[in-house]
Amino acid sequence: MQPSHSKPQRGRLANGGLLVLLCVSLLCAWRSLAHAEPVIEAPVTTEDDEAAAADPPSPEQANVPPSPEQANVPPTDPLPPPLADAPLQESTEPPPSTEPPQEPAPLPGEANGVAIAPSRSSHAWLWPLRVLLFVPRLAIEIIDAPIRGGLWLYEGYDLGPRTKQIFFNEDGTVGMYPLAFVESGFGLNAGLRFVHRDLFGKQEQLNLRASFGGRFEQLYAAKLSSEQRWPVVVVARLDVEVRPKDYYFGVGQRFDSPESRFSQLVSRALVSSEFLLRKNVRLEVGGAYTFRRFESGLVRDEAPSIAQAYPDDSLVGFEDGVSAVSALARVTIDTTHSPSRYESAATPSRGWLASGFASTARSVSSGPTRYIRVGADTQVYQRIFEGPRAIVLRANYEQVLGEREDIPFTDLPRLGGAVFGRGFQQDRFRDKASLLLSAEYEWSLSPMVLAALFVDYGRVAPKALDLASEFEDFALGGGLALQAHTAKSFLVRATLAGSKEGLFFNVSFDPQFGPTNILERK
């Protein structure tokens with residue numbers, strides 16, 4: 001059947017305009033699919049709409065006023081005159097493509113299903129640092145080789161579960177095991193620890209410890225934690241320490257002060273509790289009673305006694321001892337974490353920690369104890385690569401407020417030792433204010449061993465404002481460390497640090513970073 005030519009010319013133009021619109025719609029739809037954008041459905045047209053488009057109304061029908069139902073329908077934009085009058089033309093040029101260039105598909109022999117890591121060319125600035133750290137890193141890996149061999153035996157032969165069967169009961173709730181640590185200048189301390197992890201049926205934890213040697217000729221400690229017994233965890237602790245050879249180098253930032261020793265008997269009872277205020281925000285409150293009795297005689301060692309090296313009037317509290325109570329409040333914001341579930345929770349590599357505390361101490365007898373202690377600690381963890389490899393920065397500040405004659409010499413802020421001021425002897429510097437700046441580069445040698453290179457920069461002064469002056473008097477030390485840990489907790493850290501005063505080796509069961517124990521500080 002032949003097509004009819006009885007329709008007017010404007011009907012054919014309208015049909016041509018419709019075809020142009022159809023082509024444009026198809027082009028837009030193709031570009032939308034090419035860019036993976038959401039497709040917007042076109043409005044549904046009815047048969048009456050198609051008929052109206054194919055057979056436009058006559059002039060008489062155009063003058064008829066709309067019905068009330070049609071009056072409420074919003075008007076549509078008329079067809080643009082250029083598009084309505086333009087004849088249908090076919091374009092011979094392909095439309096411009098806005099797709100990003102794609103890599104060629106791999107050949108059949110090259111498809112292996114393995115994702116290729118992106119290039120690290122953007123980290124080219126790290127190559128000088130890697131070259132600089134190559135020699136110490138190689139030395140640490142050589143030293144760590146026996147440790148890694150021991151850990152391989154530990155994991156390969158299940159020494160952990162087998163050892164636990166020896167020292168713990170079948171449920172793993174009650175056990176007794178040996179422990180030991182070493183401090184440079186004090187020697188070896190060894191002893192036993194008893195653990196009960198479900199004392200009264202609510203996972204209450206009881207820890208008993210007795211050890212001998214090193215800094216502590218005798219050390220007895222008992223710690224009880226309520227855990228799930230109450231909504232708030234309450235910790236009670238009792239310590240008795242016989243320390244016959246503690247160091248004293250005088251007060252102030254002096255490198256030429258004479259070395260001396262003294263002995264003391266320390267008894268301490270404390271109770272503390274921790275509240276979770278918000279996510280990552282904790283409040284700790286606690287109180288303690290401390291009794292100290294001093295003696296100038298030495299059990300052994302050739303260093304002079306404290307009474308021979310320093311006058312008695314500079315040793316506040318030495319003659320009568322110290323008997324005082326103290327109270328503490330501290331707020332800690334801790335966002336540190338390990339981003340990978342394959343890395344230990346004891347080796348965070350991202351986040352930061354900020355802690356601020358205030359405590360007060362008052363004598364319960366006629367002794368000279370009346371002061372306020374304040375402090376702040378900030379730690380930043382910057383992850384570099386997986387492993388983890390991270391840079392840890394720290395700033396620790398502490399100050400006691402009060403008259404000098406009301407502050408016992410053992411309660412002054414101190415620097416030096418395995419945690420604060422590595423590279424110097426234990427308690428090497430002390431005064432009314434202290435500041436410690438630390439930088440540490442950490443990398444993982446194995447899932448249970450972490451290595452670190454560190455630098456410590458610290459100073460003590462009579463006032464806080466004096467800490468920012470005379471930077472040439474700061475004590476600078478640095479060295480390397482090896483840390484052992486499990487998948488969830490810290491175990492032990494060994495450090496070899498040096499300064500202009502020599503080399504110092506320490507093995508500590510206290511973690512280097514994280515919230516410090518203010519009430520329990522030795």
Side-chain angles (χ1 to χ4, degrees), residues 146-182 188-242 267-274 276 284 286 338 341-347 446-450 482-494 507-511 514-515 517 519-520 522:
I147 301 177
R148 283 182 290 173
L151 292 175
W152 180 82
L153 294 175
Y154 181 87
E155 295 181 351
Y157 290 91
D158 293 332
L159 297 182
R162 295 183 181 182
T163 304
K164 190 173 182 180
Q165 292 176 0
I166 298 174
F167 296 106
F168 284 82
N169 62 350
E170 295 182 358
D171 298 332
T173 57
V174 182
M176 178 182 294
Y177 55 91
L179 54 85
F181 64 92
V182 178
L188 173 67
N189 180 284
L192 292 173
R193 172 170 287 176
F194 172 81
V195 177
H196 199 308
R197 297 172 179 168
D198 193 12
L199 188 61
F200 301 113
K202 292 290 186 178
Q203 298 185 4
E204 299 90 348
Q205 295 188 9
L206 174 65
N207 289 270
L208 302 177
R209 174 184 175 183
S211 59
F212 309 90
R215 194 199 321 182
F216 308 94
E217 185 183 54
Q218 300 179 48
L219 171 60
Y220 308 97
K223 181 179 179 181
L224 178 62
S225 177
S226 65
E227 297 303 321
Q228 297 184 5
R229 170 59 59 179
W230 299 312
V232 178
V233 177
V234 179
V235 178
R237 178 163 180 164
L238 175 64
D239 297 338
V240 178
E241 306 167 0
V242 179
S267 300
R268 181 187 300 108
L270 64 90
V271 177
S272 63
S273 184
E274 192 173 82
L276 184 63
E284 179 186 0
S338 299
R341 61 189 181 96
Y342 300 104
E343 298 175 6
S344 172
T347 60
S446 70
M448 298 181 64
V449 178
L450 182 76
L482 292 176
Q483 173 181 305
H485 50 262
T486 64
K488 296 182 179 180
S489 60
F490 168 88
L491 293 178
V492 63
R493 171 177 276 226
V507 177
S508 174
F509 290 93
D510 295 324
N517 295 323
L519 295 175
E520 303 178 43
K522 308 302 182 185

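Fair warning: this is a prediction, and the values are worked out from it, not measured in the lab.
- Taken to the nearest 0.5 Å, the CG atom of N207 stands 6.0 Å off from the CZ atom of R193.
- Taken from CG in D198 to CD in Q228, the straight-line distance is 9.0 Å, to the nearest 0.5 Å.
- Using a distance-only test at 3.5 Å, with no hydrogens or angles considered, no donor-acceptor pair links the side chain of R209 to the main chain of L179.
- Among all heavy-atom pairs drawn from S489 and A346, the shortest one is C-CB, 3.7 Å.
- Nearest heavy atoms, F200 versus R229: O-NH2, 3.0 Å.
- Here the side chains of V233 and E274 are not in contact, with every heavy-atom distance at 4.5 Å or above.
- Of all heavy-atom pairs between S226 and V232, the closest is OG-O, 3.6 Å.
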*Pair F194-V174, side-chain contact (heavy atoms from CB on, under 4.5 Å): steps then yes or no*: CA-CA 8 Å; F194 172 81; V174 182; 3.8 Å; yes
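- Looking at heavy atoms from C-beta onward, S344 lies out of side-chain contact with F490 at the 4.5 angstrom threshold.
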_Assess the residue pair V235 and K223 against the criterion (side-chain contact (heavy atoms from CB on, under 4.5 Å)); give the C-alpha distance rounded to whole Å, side-chain angles, the decisive distance to 0.1 Å, and a yes or no._
CA-CA 7 Å; V235 178; K223 181 179 179 181; 3.6 Å; yes
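- With rounding to the nearest 0.5 angstrom, the NE2 atom of H485 is 7.5 Å from the CE atom of M448.
- A donor-acceptor pair under 3.5 Å is absent between the side-chain atoms of N189 and the main chain of A180, judged by distance alone.
- By the 4.5 Å heavy-atom criterion applied to side chains, R493 and L482 are not counted as neighbours.
- Residues R197 and E227 form no side-chain contact, since every pair of their non-hydrogen atoms from C-beta on lies 4.5 Å or further apart.
- Not a single donor-acceptor pair under 3.5 Å links the side chain of S225 to the backbone N or O of Q205.
- In summary, E241 and R215 do not engage in a salt bridge, as defined by a charged side-chain N under 4.0 Å from a carboxylate O.
- Under the side-chain hydrogen bond (donor to acceptor under 3.5 Å, both in side chains) criterion, S338 pairs with no residue, sequence neighbours left out.
- In this structure, the separation between OH on Y220 and CG on D239 is 13.0 Å, given to the nearest 0.5 Å.
- Closest non-hydrogen pair, A269 versus L238, comes out as CB-CD1, 4.0 Å.
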*How far apart are the C-alpha atoms of L224 and L199, what are their side-chain angles, what is the distance that settles it, and do they pass the side-chain contact (heavy atoms from CB on, under 4.5 Å) test?*
CA-CA 9 Å; L224 178 62; L199 188 61; 4.0 Å; yes
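- Closest non-hydrogen pair, L208 versus L206, comes out as CD2-CD1, 4.1 Å.
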